[in-house]
Amino acid sequence: METGTIPVDELGGGLDLYRTLESGQSYLWRRSDGEMYGGSPAPEAWYHTVVDGEVIRVRRRGGPEGDPTAGVAADATTGRLEWESTTDAEPIVRELLRLDDDLEAIVDAAPDDPLLREAYEAHRGMRLVDDPAFGCLISFICSTQMRVGRIHTMVSTLAREYGDAISFDGETYHAFPTPAQLAAATEAELRDLGLGYRAPYVVRTAEMVADGEAHPEEARDLAYEPAREYLTRFVGVGDKVADCVLLFSLGFDEAVPLDTWLKSAVEEYYPDCERGSYAATSRAIRERLGGEYAGYAQTYIFHHLRTGE
DNA sequence: ATAAGGCCTAAGAG
DNA sequence: ACTCTTAGGCCTT
C-alpha cells in the first residue's frame, strides 16, 4: 500500500471533503460506512474510488501530521488530507478533487451578488470535482428526475454488477464499468436493477462509446456551446445533463447546468435572466454569475438551495 | 424553434 | 397503512 498526506493549509481556499463528495457532483466515490447522502457528515470517514484500475482512498483529518490525537478538522482550512492507494495516487487525487484550484481567488473574483456570497460563505472549502468522463456521463444520464441518494445507489449498482472487482487491503472494490462492459448489459437487466426508463439510454450510450461512434472526451477540444451540443448526441443527454458532464468532468468551468434548483434561483433571484429557452437563459445566468467560473458559482448555489443550509 | 405528454420507481409528504 | 407527489429531464410527436 502506498500512502501520503496533503496539508490542507497549503491549498488555496482549503478543502471541505464532505461537501465536495456529497454535494451531488460526483457519484463515483463511496464512503466507507456506506451512508452517503444521509445528511450527516462522517468527519473522518474514508471515501474510495477506482481510477484506471487503481483503488484510491482519501480522508480528511485535523491537526498536524503525526499527531495521534488529531481528529476532526476545526474548519476547511486546517488539517490534512490523507490518501491510501495501490499506487502513488497524489497526482490523481489532486486532479480528481481539483486541489490545485485556488478556491480563494475564485471566490474573491466572483461577482458581488448577495445569494452567491451567502452560498460561498456557507460552504467554504467545497471544490468542484474532475471525474473520469464516461462514468460522469452515465452518472448524469441516471440522474434525471432522481434524488441524489438514489443516483448514487444506481451508479454503485452498475459498478458492482458490471465493473472489475479489485482487491485492496483485504477489501473488494469495484471499478466503474468500461463502455464495453456496460454495452454488454441489456435494457431488461438495467430495469431490474432499478434504472427505470434510463435503462435503454445507458445501454445505447455505452454502445455508442464502445463502438467508437462518439466519446465524451471529444467535446474537450470544442468551444463551450458546441461542446454541449456534441454531448447531446448521446442518448439520454439533453442540455442539462450535457452541462453537468462539461462542468464536472471536461474542464468547462463556465458551464451552468440549469436544473430545477437553478431554475428556481433564476425565478426568485435573477428574474431578468429568464429568456424562455435553455440556451438563452443559460447564457444570461452564466454572465450574471461571472462567466469564466460561473460553474463554480452554480455548484455553490445549487448546494446552498438544495440543502437549505 | 418551441410545446405537450409519457416515462420507471422509491422515498417523502400528507 | 395508504395515496399522492416528487425527484438535479429526456424523448417523441
Side-chain angles (χ1 to χ4, degrees), chain A residues 19-29 35-40 119 123 126 128-129 131 135-158 185-208 214 216 225 228-249 252 255-268 274-283 285-286 289 294-309:
Chain A
R19 287 197 171 91
T20 299
L21 294 181
E22 301 196 39
S23 54
Q25 302 178 54
S26 174
Y27 297 95
L28 301 177
W29 291 82
E35 298 295 323
M36 284 176 86
Y37 299 107
S40 57
H123 310 292
M126 181 171 73
L128 286 184
V129 299
D131 272 349
C136 181
L137 178 65
I138 298 297
S139 295
F140 282 93
I141 288 173
C142 290
S143 79
T144 65
Q145 291 293 100
M146 195 52 61
R147 290 173 178 80
V148 291
R150 283 197 61 206
I151 301 166
H152 190 258
T153 300
M154 288 183 189
V155 174
S156 300
T157 300
L158 291 177
T186 66
E187 176 183 336
E189 286 172 1
L190 297 189
R191 282 181 181 272
D192 286 344
L193 292 174
L195 268 68
Y197 62 79
R198 305 158 194 80
Y201 302 165
V202 167
V203 175
R204 290 171 64 190
T205 288
E207 287 170 348
M208 290 173 72
E225 290 192 351
R228 189 175 68 199
E229 180 65 23
Y230 176 88
L231 291 180
T232 61
R233 74 184 53 200
F234 292 107
V235 184
V237 179
D239 288 330
K240 186 270 175 183
V241 168
D243 267 331
C244 288
V245 177
L246 292 176
L247 181 61
F248 301 134
S249 175
F252 288 84
V256 177
L258 277 184
D259 53 62
T260 55
W261 293 100
L262 259 290
K263 284 177 183 168
S264 73
V266 169
E267 194 175 330
E268 191 166 346
E274 177 55 56
R275 296 286 197 278
S277 76
Y278 187 100
T281 303
S282 170
R283 226 170 273 146
I285 193 69
R286 185 163 70 250
L289 295 179
Y296 247 107
Q298 181 275 351
T299 298
Y300 273 79
I301 290 173
F302 168 79
H303 188 66
H304 191 52
L305 296 178
R306 190 180 70 81
T307 61
E309 291 173 15

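Hydrogens, waters and symmetry mates play no part in the numbers below; they use all other heavy atoms, side chains included.
With B:dA10, C:dC10, B:dT9 as the choices, the nucleotide that has an atom nearest any side-chain atom of A:Val241 turns out to be C:dC10. With C:dG9, B:dT2, B:dT9 as the choices, the nucleotide that has an atom nearest any side-chain atom of A:Ser277 turns out to be B:dT2. You'll find that the side chain of A:Tyr201 is closest to C:dC10, out of C:dC10, B:dT2, B:dT9.
Rounded to whole Å, the distance from CZ on A:Arg204 to C1' on C:dC10 is 12 Å. If you measure from atom CZ of A:Arg275 to atom P of B:dT2, you get 14 Å, rounded to the nearest angstrom. Distance, A:Arg147 CZ to B:dT9 P: 15 Å, rounded to whole Å. If you take OH of A:Tyr27 and P of C:dA7, they are 14 Å apart, rounded to a whole angstrom. For the pair A:Arg228 CZ and C:dC10 P, the computed distance is 11 Å after rounding to whole Å. The interatomic distance linking A:Ile138 (CD1) with C:dC10 (C1') rounds to 14 Å, in whole Å. The distance between atom CG of A:Leu262 and atom P of C:dG9, rounded to the nearest whole Å, is 11 Å. In this structure, OH of A:Tyr37 is placed 19 Å from C1' of B:dG12, rounded to the nearest angstrom.
Heavy-atom distances to DNA chain C give each of A:Phe140 and A:Thr232 a nearest nucleotide, and the one nearer the 5′ end belongs to A:Phe140.
Atom CG of A:Leu195 is separated from atom CD of A:Glu189 by 11.5 Å, given to the nearest 0.5 angstrom. We find the NE2-CG distance between A:His152 and A:Leu21 to be 9.0 Å, quoted to the nearest 0.5 Å. Put simply, NZ on A:Lys240 and OG1 on A:Thr232 are 14.5 Å apart, with the number rounded to the nearest 0.5 Å.
The P atoms of C:dT13 and B:dC8 are separated by 15 Å, rounded to the nearest whole Å.
Near DNA chain B, meaning a heavy atom under 4.0 Å away, the residues from residues 187-196 of chain A are A:Arg191, A:Gly196.
Contact annotation: A:Gln145 does not reach the phosphate of C:dA7 (side-chain N/O to OP1 or OP2, under 4.0 Å).
Between the A:Glu22 side chain and the A:Tyr37 main chain, a donor and an acceptor come within less than 3.5 Å of each other. Of the possible donor and acceptor atoms, none in the side chain of A:Thr205 sits under 3.5 Å from a partner among the backbone N and O of A:Val202. With hydrogens and angles ignored, the 3.5 Å screen pairs no side-chain donor or acceptor of A:Glu309 with any backbone N or O of A:His304.
Here A:Phe234 and A:Tyr201 keep their ring centres 6.0 angstrom or further from each other.
Between the side chain of A:Tyr278 and the base of C:dG9, no donor-acceptor pair of N or O atoms lies under 3.5 Å. For A:Arg198 against C:dC10, a side-chain-to-base donor-acceptor contact under 3.5 Å is absent.
Residue A:Ser23 is classed as a base contact, given a heavy-atom separation below 4.0 Å to a base. A:Val235 comes within contact range of the sugar-phosphate backbone alone, with a heavy-atom separation under 4.0 Å but no base atom that close.
When only modelled atom types and interatomic distance are considered, A:Tyr197 and A:Thr144 share a side-chain donor-acceptor pair under 3.5 Å. A donor atom on one side chain and an acceptor atom on the other are not found under 3.5 Å apart for A:Asp131 and A:Ser249.
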(message) What does the 5'-to-3' dot-bracket notation of DNA chain B look like when only Watson-Crick and G-U wobble pairs under 3.5 Å count, and pairs to other strands show as |?
(response) ..|||||.||||||

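Below 30°, between 30° and 60°, or above 60°: for A:His123 and A:Tyr300 the angle between ring planes is between 30° and 60°, a tilted geometry.
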